[in-house]
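Worksheet for the structure shown next.
Keep in mind that this is a model prediction, so the values were computed, not measured.
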Amino acid sequence: MKKLILLIFLILAPGLRSQEVSLLQFEDKELATTLQDTPVSTEQFVYSKKIESLNKRELTKFMRKKGITEKLIKKADEYFDKMWYAEAAKIYDVVLEKSEAKHTFNLLSNAGDSHYYSGNLERSYKWYHELYETFKDQITEEKFFKYAHSLKGTGRYRRAAKLTKLFRQKRNQPLQELAKDNTASSTPTLVEIKNMAINSKYSDFSPMFHNESEVVFASAHDSSFLTTRRYRWNNQPFLDLYVAKADNEEGDLTSAKKFSKEINTKYHEASVAFSPDQKTIYFTRNNYGKKLKRGKNGINHLKIYQSKLIDGEWTKAVEVSFNSEDYSTGHPSVSPDGKKLYFVSDRPGGYGSTDVYMVDILENGSFSKPKNLGRTVNTDKKEMFPYITENALYFSSNRNMGMGGLDIYKSDYVDDLFSVGINLGEPINSNRDDFSYIIDEKGEKGYFASNRKGGKGDDDIYSFKHLLNLNAISGDIEDEVTGEAIVDANIVLFDKDNVRVAETRTEEDGGFIFKNLKPLTKYTVKTVKKGYFEKSETITTKNNINVTLAQSLKPLEEIIVEEKGILTLETETIYFDFDRFNIKQQAATELDKLVAVMNEYPDMVIKIESHTDAIGKKAYNKYLSDKRAKSTRDYIISKGIDASRIESAMGYGEERLLNDCTDRKRCPRNKHQENRRSEFIIVEM
């Protein structure tokens, strides 16, 4: 039997073909060279096979051969031009790391691109980084964009943000664009994520609900009996549609099998959508008849095909009317009422590389003219994998300032109007590609795909389930003196980066609450009420429970005290460092309290008296204290207090010590510091 199988293999081997097509995810047009549907012989991969078989010593010896470096570069460029990126990347690495070849712009660029398109972001970062450092002035926007993505994809977010800012400044591009894309949703939720058992070591993605207990998905799972045709872009088998049973409670996917012989072909099939009655399927496939078809630019584009379920069998698929031979159309999604079809295309007239479009599904089964969803959804980058629900559109995008690679966004939908897409944030999004998100009618659970670290293969399908979020901060605000509840105080919540997260006001009982917060996260609660000093406190949430905070606000007039017939403003002591007169952070906090009182009492006039310790010469201390008084006055004026309301700002040196630490007596440091102070006397009220 083994001999028979071997004989069959030998007969078939010469006729095995490799089909090179534009990637299912609509890769960049710059890589869309004329594709060939020609037999691939083992001789074409002689160098990559040779390299893989050598140990370190043998490889070093091999690379010393005359002319071998030039031959390897030529072969790698050939693979690159044919979009055989996995093969090209191997050779580029050897040339750059093991030879004396000059690291040119083209060589580094191709090496970075080869790893980028085959999903190895660590390696793409290595070569993009050298490209950027060596040829900074020659970097194109498109190349820099990939470099920034590789930075984010490998966790280097700060450098990505810094370099993006510098890159835009150099080209006089508006920096405000950087802030347009939110990287976290406004209402954090608890999400449980699980990697599915049906995932293979290859790409598994584009899940879609089917019937009530099934999920159809795309996979490059190797299921061939004798040998596997491979897609040289990423050296993986071609994609087919599979169907798996879905556990309604846990979301597990099991018992995966091929979806339909009539739908699956020897080329790519992926990204499906079903009509509400489950009797019509729309899916993405390469454009081909008896062989691959190409448009004017020599590219085999993608098309959406349609098939009907009749007597339990799917009919032969036919393409939809809005396809084209000259651009790609794919990633369909049908609205819950079955009246609209959303899809992705790189057709002319869009905003970016690929945009999301919509057509009406008419009663006779035909389609209206495609309509671009506009600027709130589409950007100058790629928008892909749309999924429409009754009130929201979910899609993936690699737009600027995302978390890395493709991120999943949500755009609210009302009366044919779409809001600006909001990034779903962690844990749905990661620093890699996250896409093909679907969610059930209740908005509680669903599936998505990701190539994040820790998966089983290239792209994996994950289930997610929203959990009840009980993380909250609640509290009560009261008057520090009377103990009474403070009504209508403004409470603002800030995250660890001092970004405003939420805002509320206290109720009749002085209470407040912030709900749906992130677990185990540090927040700052700031309370503001007219007639009281502001108060800020940090608090950390726990694991899915409510934490409480009680704040007592001090009335502004409480710091106005009378002593021996003199009115003063009683702040915490304004201390200065030894031989310094600059305002420290602690001093600024106390001076802000003084400013608040002066704002509350607009007729108040004060004078400032500053003092030093007894260390050093008296004349210098007099000079130093006067500097401290003037810096204190300048700070108060900088906060909006009119200069006329400060009668004087004088320094008294060591003339008015608070203790017996004279210049002839040894005292501990803290005792000397007591004398380095500023005092505030009220002249008028």
Side-chain angles (χ1 to χ4, degrees), residues 186-188 469-542 544-563 567-574 585-606 635-636 638-642 645 679-680 682 684-685:
S186 57
T187 55
N469 188 354
L470 300 178
N471 289 305
I473 296 175
S474 63
D476 298 287
I477 310 298
E478 64 178 27
D479 187 299
E480 184 180 287
V481 178
T482 65
E484 295 180 355
I486 298 179
V487 182
D488 203 35
N490 190 48
I491 317 292
V492 185
L493 187 70
F494 297 90
D495 66 12
K496 61 181 178 61
D497 297 318
N498 203 34
V499 175
R500 183 190 299 257
V501 174
E503 188 171 352
T504 188
R505 305 191 82 85
T506 53
E507 304 290 342
E508 292 293 328
D509 60 356
F512 70 91
I513 187 169
F514 293 110
K515 298 180 179 180
N516 295 321
L517 303 179
K518 294 180 180 179
L520 306 176
T521 301
K522 182 181 288 187
Y523 292 95
T524 298
V525 178
K526 181 179 180 181
T527 305
V528 180
K529 174 68 175 178
K530 184 175 175 59
Y532 292 87
F533 288 109
E534 295 179 2
K535 192 162 190 178
S536 295
E537 291 187 51
T538 58
I539 186 170
T540 301
T541 54
K542 297 183 178 180
N544 216 27
I545 64 174
N546 176 56
V547 293
T548 59
L549 172 70
Q551 283 187 333
S552 298
L553 300 188
K554 187 174 185 178
L556 290 174
E557 65 267 15
E558 281 298 302
I559 72 168
I560 302 175
V561 297
E562 181 179 354
E563 187 175 352
L567 288 176
T568 62
L569 292 170
E570 188 180 62
T571 64
E572 296 291 330
T573 306
I574 307 297
Q585 180 57 48
Q586 180 202 12
T589 301
E590 292 305 312
L591 291 177
D592 287 342
K593 294 179 182 179
L594 185 150
V595 170
V597 174
M598 294 187 74
N599 283 329
E600 185 74 7
Y601 297 93
D603 295 328
M604 179 182 289
V605 178
I606 66 171
Y635 180 87
I636 295 172
S638 74
K639 293 298 180 177
I641 300 300
D642 193 281
R645 297 179 62 191
E679 297 173 332
F680 310 95
I682 299 175
E684 296 179 21
M685 278 288 288

Evaluation steps, side-chain contact (heavy atoms from CB on, under 4.5 Å), between Val492 and Val528 | CA-CA 8 Å; Val492 185; Val528 180; 5.9 Å; no
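- For the atom pair CG (Asn599) and CE (Met604), the distance works out to 10.5 Å, reported to the nearest 0.5 Å.
- For the atom pair CG (Leu553) and CD (Glu534), the distance works out to 10.0 Å, reported to the nearest 0.5 Å.
- Residues Ile682 and Tyr601 fail the side-chain proximity criterion, which asks for heavy atoms closer than 4.5 Å.
- Between Asn546 and Leu470, the closest side-chain pair of non-hydrogen atoms is not below 4.5 Å.
- A salt bridge links Lys530 to Glu600: one of the charged nitrogens lies within less than 4.0 Å of a carboxylate oxygen.
- For the side chain to side chain contact (heavy atoms under 4.5 Å, CB included) criterion with Leu493, the lone passing option out of Val499, Val525, Ile539 is Val525.
- The main-chain N or O of Ile486 is found under 3.5 Å from a side-chain atom of Thr506 such that the two form a donor-acceptor pair.
- Using a 4.5 Å heavy-atom threshold, the side chains of Leu594 and Ile606 count as touching.
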Can you check side-chain contact (heavy atoms from CB on, under 4.5 Å) on Leu517 and Asn469, steps first, answer last?
-> CA-CA 8 Å; Leu517 303 179; Asn469 188 354; 5.8 Å; no
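- Checking side-chain atoms of Tyr523 against main-chain N and O of Lys518 turns up a donor-acceptor pair under 3.5 Å.
- Summarising the geometry, atom CG belonging to Asp488 is positioned 9.0 Å from atom CD belonging to Glu508; distances are rounded to the nearest 0.5 Å.
- Although no hydrogens or angles enter the test, the distance criterion places a donor-acceptor pair under 3.5 Å between the side chain of Asn471 and the main chain of Asn544.
- Between Gly511 and Asp476, the shortest heavy-atom contact is CA-OD1, 3.6 Å.
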Is there a side-chain contact (heavy atoms from CB on, under 4.5 Å) between Thr541 and Ile473 once you walk through the steps?
-> CA-CA 7 Å; Thr541 54; Ile473 296 175; 4.1 Å; yes
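- Interatomic distance, Met598 CE to Asp603 CG, rounded to the nearest 0.5 Å: 10.5 Å.
- Lys535 contributes atom NZ, which lies 14.5 Å from atom NZ of Lys526 (distance to the nearest 0.5 angstrom).
- Using a 4.5 Å heavy-atom cutoff, the side chains of Ile491 and Phe514 are in contact.
- Using modelled atom types, one side-chain atom of Lys529 and one backbone atom of Val487 make a donor-acceptor pair closer than 3.5 Å.
- In this structure a side-chain-to-backbone donor-acceptor pair under 3.5 Å is present from Thr521 to Pro519.
- Rounded to the nearest 0.5 angstrom, Tyr532 OH and Gln551 CD are separated by 13.5 Å.
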Does the side-chain contact (heavy atoms from CB on, under 4.5 Å) test come out yes or no for Tyr635 and Asp592, once each step is laid out?
-> CA-CA 9 Å; Tyr635 180 87; Asp592 287 342; 2.9 Å; yes
